[in-house]
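This structure is in structure tokens; I'll ask about it shortly.
Indexing begins at 1, ligand by ligand and atom by atom, following the structure's order.
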Amino acid sequence: MVSIEEAQKTIFEQISPLETERVSAFQGLNRVTPEDHIAPWDIPPADNSAMDGYAFSHASLKGERLRVTGFLPAGEERDAPVPPGEAVKIMTGAPVPPGCDTVVPIEDVEQLDQWIRLTSPAKAGAHIRKRGEDIRLGDIVIPAGSTLRPQEIGMLSAMGVTTLAVHRRARVAVLATGDELLEPGSTPAPGKIINSNSYSLAAQVLDAGGDPVLLGIAPDSLEATCDKIRGGLNADLLVITGGVSVGDRDFVKMAIEHLGGAITFWKVNMKPGKPLAFAMLNGTPVFALPGNPVAAMVSFELFVRPAILKAMGRHRILRPKVRAALLEPAANKGKRPHLVRGLVSKGDNGYVVSLTGNQSSGRLSSLIQGNGLVYLAPEAVHGVGDVVDVLLLDREFEMGEVG
Ligand SMILES: Nc1nc2c(c(=O)[nH]1)N[C@H]1C(S)=C(S)[C@@H](COP(=O)(O)OP(=O)(O)OC[C@H]3O[C@@H](n4cnc5c(N)ncnc54)[C@H](O)[C@@H]3O)O[C@H]1N2
Ligand code: MOO
């Protein structure tokens, strides 16, 4: 049995960044660019007005009055210098004309026909955005390896980029196994249950930015399991759920080996998720996750999600870990680290966490009611207020609420 950390290390060693593809700048959102993006020009390209107002030379200011002799909207440029003692009306974004170094906003003047009177003192150089104050020609603005957020997409566009290279999305095949499974849309017959894992796992793939490919359900036989697995080998990663324990009808490991795959490890020292197996099959990383719905999702979180992120070029691939004070006692009577589903919120002195009741790994509600995984070491006994490590699965609780 390997530890969580050993399993992660072994898996991540097998995952290399996928090749790149060219996409339109804004399809690059949340993707990783493998190239440095260098500023082809200064932004802004010229000193320009930060306000709708009047531009003039501060040194030539005598008293409070200036004669207005021109108008300069954004989108136009004026070459002729503005003579001393005169001002031009200038709109936000218009290049500051020669002869001017200061702008006074409209609100700070009184207009009298062709004249303005400053109603408060103007500071030399005020309200001018300098050429290149955002980025300078030749700057590496977005270094290789960056994940593109909306602000990077905006900057790339400002740099004239219309298409760019990004690591392509990982195609992740998802296979459920088990004679007991029916697809959603049916009403469970006696002895049957609905295949929910394919959909929770496919949603986790999407959530990680990958592209899920649903392979359906493999019935419990070696031949059928082999056939379905073969169908998933053109994906970048293959995720299987169920049939990986020691039952008489658990064929997944046997099928992987039958197809020539090498099981790198089987069984991780954790609860839930112990029976997980990892294999390389024809160059495809294969994750055989347990069938219990919580075990499948938790092991996806720890092993598959970071593998997808690594394949898509990300460097930060693990969920954030925080320290939280327990709101109730928590004990791990077992010998494996227990990842207990918890509900984290913000207390007066940092994070606090409660547990989500019955922790059976068949009980998907334990994940629905929570937002984190509390790490309980083997045989740990904690009281109220003890501080524990929690892996945050989502941070929505930190967002502001309406009204
Ligand atoms: N003798 C032992 N029995 C079990 C052990 C063990 O060490 N010794 N480990 C237990 C643990 S831990 C887990 S987790 C499960 C994992 O078993 P499998 O991966 O072989 O999964 P199945 O037996 O196929 O299914 C387990 C459970 O999950 C339900 N299931 C399966 N697939 C789906 C799906 N796609 N959607 C919804 N639910 C699914 C299935 O009906 C079972 O109830 O083994 C323990 N047993
Ligand atoms: O993986 Mo199992 O879920 O530890 O019960």
Please step through salt bridge (Lys or Arg N to Asp or Glu O under 4.0 Å) for the pair E379 and K335, ending with a clear verdict.
-> CA-CA 6 Å; E379 291 167 13; K335 292 197 162 28; 3.5 Å; yes
Less than 6.0 Å separating the ring centroids of F287 and F278?
->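 Between F278 and F287, which both carry aromatic rings, the centre distance is below 6.0 Å.
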Salt bridge between K192 and E180, side-chain N to carboxylate O under 4.0 Å?
->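 Salt bridge absent between K192 and E180.
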Any side-chain heavy atom of V244 within less than 4.5 Å of one from D250?
->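 Sidechains of D250 and V244: no contact.
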Of the listed options (P290, A296, G273), which comes nearest to atom 2 (Mo) of ligand 2 when hydrogens are ignored and any heavy atom counts?
->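 Nearest heavy atom to atom 2 (Mo) of ligand 2 lies in G273.
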Would you mind listing which atoms of ligand 2 come within a distance below 4.0 Å of any non-hydrogen atom of A295?
->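 The atoms of ligand 2 under 4.0 Å from a heavy atom of A295 are 1 (O), 3 (O).
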Which heavy atom in R136 sits nearest to a heavy atom in D42, and how many Å separate them?
->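 Looking at all heavy atoms of both residues, the closest pair is CA-OD1, 3.4 Å.
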Interfacing atoms of ligand 1 (cut-off 4.0 Å, heavy-atom, A176) =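 Those of ligand 1 that fall under 4.0 Å from A176 are 35 (N).
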Per-atom contacts, ligand 2 versus P272 - under 4.0 Å to a heavy atom |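 Every atom of ligand 2 under 4.0 Å from some heavy atom of P272: 1 (O), 3 (O), 4 (O).
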Considering only heavy atoms, which of S198, P275, G291 lies nearest to atom 19 (O) of ligand 1?
->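 Answer by nearest heavy atom: G291.
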Residue part near ligand 1, for P290, under 4.0 Å between non-hydrogen atoms |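 Near ligand 1, P290 shows its backbone as well as its side chain.
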Against heavy atoms of V246, which atoms of ligand 1 measure under 4.0 Å?
->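 Selected atoms, number and element: 1 (N), 2 (C), 8 (N).
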Which option out of N292, I193, D220, I217 puts a heavy atom nearest to atom 15 (C) of ligand 1?
->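 Ranked by closest heavy atom to atom 15 (C) of ligand 1, first place is N292.
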Relative to ligand 2, is H338 under 4.0 angstrom through side chain, backbone, both or neither, heavy atoms considered?
->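 For H338, no heavy atom sits under 4.0 Å from ligand 2.
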For ligand 2, which atoms, with element, lie under 4.0 Å from some heavy atom of P275?
->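 Checking each atom against P275, I get 1 (O).
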Euclidean distance, L302 CG relative to R319 CZ, rounded to 0.5 Å |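 These two atoms lie 10.5 Å from each other.
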Test side chain to side chain contact (heavy atoms under 4.5 Å, CB included) applied to L355 and L343, L327, V340, the passing residue =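 The residue from L343, L327, V340 that satisfies side chain to side chain contact (heavy atoms under 4.5 Å, CB included) with L355 turns out to be V340.
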How many angstroms lie between atom CG of N371 and atom CG of L392, to the nearest 0.5 angstrom?
->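 So the CG of N371 and the CG of L392 are separated by 6.5 Å.
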So is V244 polar-close to ligand 1, meaning N/O to N/O under 3.5 Å?
->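 Yes; the residue has a nitrogen or oxygen that sits under 3.5 Å from a nitrogen or oxygen of the ligand.
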In Å and rounded to the nearest 0.5 Å, what is the CG to OG1 distance from D227 to T225?
->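 One gets 9.0 Å once the value is rounded to the nearest 0.5 Å.
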Can you check salt bridge (Lys or Arg N to Asp or Glu O under 4.0 Å) on R31 and E21, steps first, answer last?
-> CA-CA 11 Å; R31 312 273 290 273; E21 59 178 355; 2.4 Å; yes
Does ligand 1 have an atom that lies less than 4.0 angstrom from a heavy atom of V252?
->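 It does not, in that no heavy atom of V252 comes within the 4.0 Å cut-off of ligand 1.
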Are there more than 12 heavy atoms of other residues, nucleotides or ligands under 6.0 Å from atom NZ of K253?
->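 Result for NZ/K253: enclosed.
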Determine, for E6 against K9, whether the closest basic-nitrogen to carboxylate-oxygen distance falls under 4.0 angstrom.
->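 No.
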For I194, take its heavy atoms, then give the atoms of ligand 1 lying under 4.0 Å from any of them.
->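 Heavy-atom distances to I194 below 4.0 Å select 36 (N), 37 (C).
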Just one of L156, D139, V141 clears the side chain to side chain contact (heavy atoms under 4.5 Å, CB included) bar with H37, so which one?
->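 By the side chain to side chain contact (heavy atoms under 4.5 Å, CB included) criterion, H37 pairs with just one of L156, D139, V141: L156.
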When you measure from atom 17 (O) of ligand 1 to every protein heavy atom, which one gives the shortest distance, and what is it?
->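 Looking only at protein heavy atoms, the one closest to atom 17 (O) of ligand 1 is S245 CB, 3.3 Å.
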Going by the atom numbers of ligand 2, which of them fall below 4.0 Å from some non-hydrogen atom of R336?
->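 Once the distances to R336 are compared, the set is 4 (O).
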Which protein heavy atom lies closest to atom 23 (O) of ligand 1, and at what distance to 0.1 Å?
->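 The closest heavy atom on the protein side is D250 OD1, 4.1 Å.
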Would E19 and R168 pass as an ion pair if we require N to O under 4.0 Å?
->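 Salt bridge between E19 and R168, a charged N being under 4.0 Å from a carboxylate O: yes.
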S196: heavy atom below 4.0 Å from ligand 1, yes or no?
->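 Right, S196 reaches ligand 1.
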Of the protein's non-hydrogen atoms, which lies at the shortest distance from atom 18 (P) of ligand 1, and what is that distance?
->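 In this structure, atom 18 (P) of ligand 1 has G243 N, 3.5 Å as its nearest protein heavy atom.
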Which protein non-hydrogen atom lies closest to atom 7 (O) of ligand 1, naming both residue and atom, and how far is it?
->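 Heavy-atom neighbour on the protein nearest atom 7 (O) of ligand 1: K274 NZ, 3.4 Å.
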May I ask you to list the atoms of ligand 2 that are less than 4.0 angstrom from any heavy atom of S361?
->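 Within the 4.0 Å cut-off of S361, ligand 2 contributes 2 (Mo), 3 (O), 5 (O).
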From K192, K267, E180, K253 - option closest to atom 42 (C) of ligand 1 by heavy atom |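 Residue with the shortest heavy-atom distance to the ligand atom: E180.
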If we only count N/O pairs under 3.5 Å, is N197 in contact with ligand 1?
->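 So ligand 1 has an N or O lying under 3.5 Å from an N or O of N197.
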Subset of ligand 2 atoms that lie under 4.0 Å from at least one heavy atom of K274 |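 This gives 1 (O), 4 (O) as the contact atoms.
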What is the closest protein heavy atom to atom 35 (N) of ligand 1, and at what distance does it sit?
->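 Among all protein heavy atoms, the one nearest atom 35 (N) of ligand 1 is N195 OD1, 2.9 Å.
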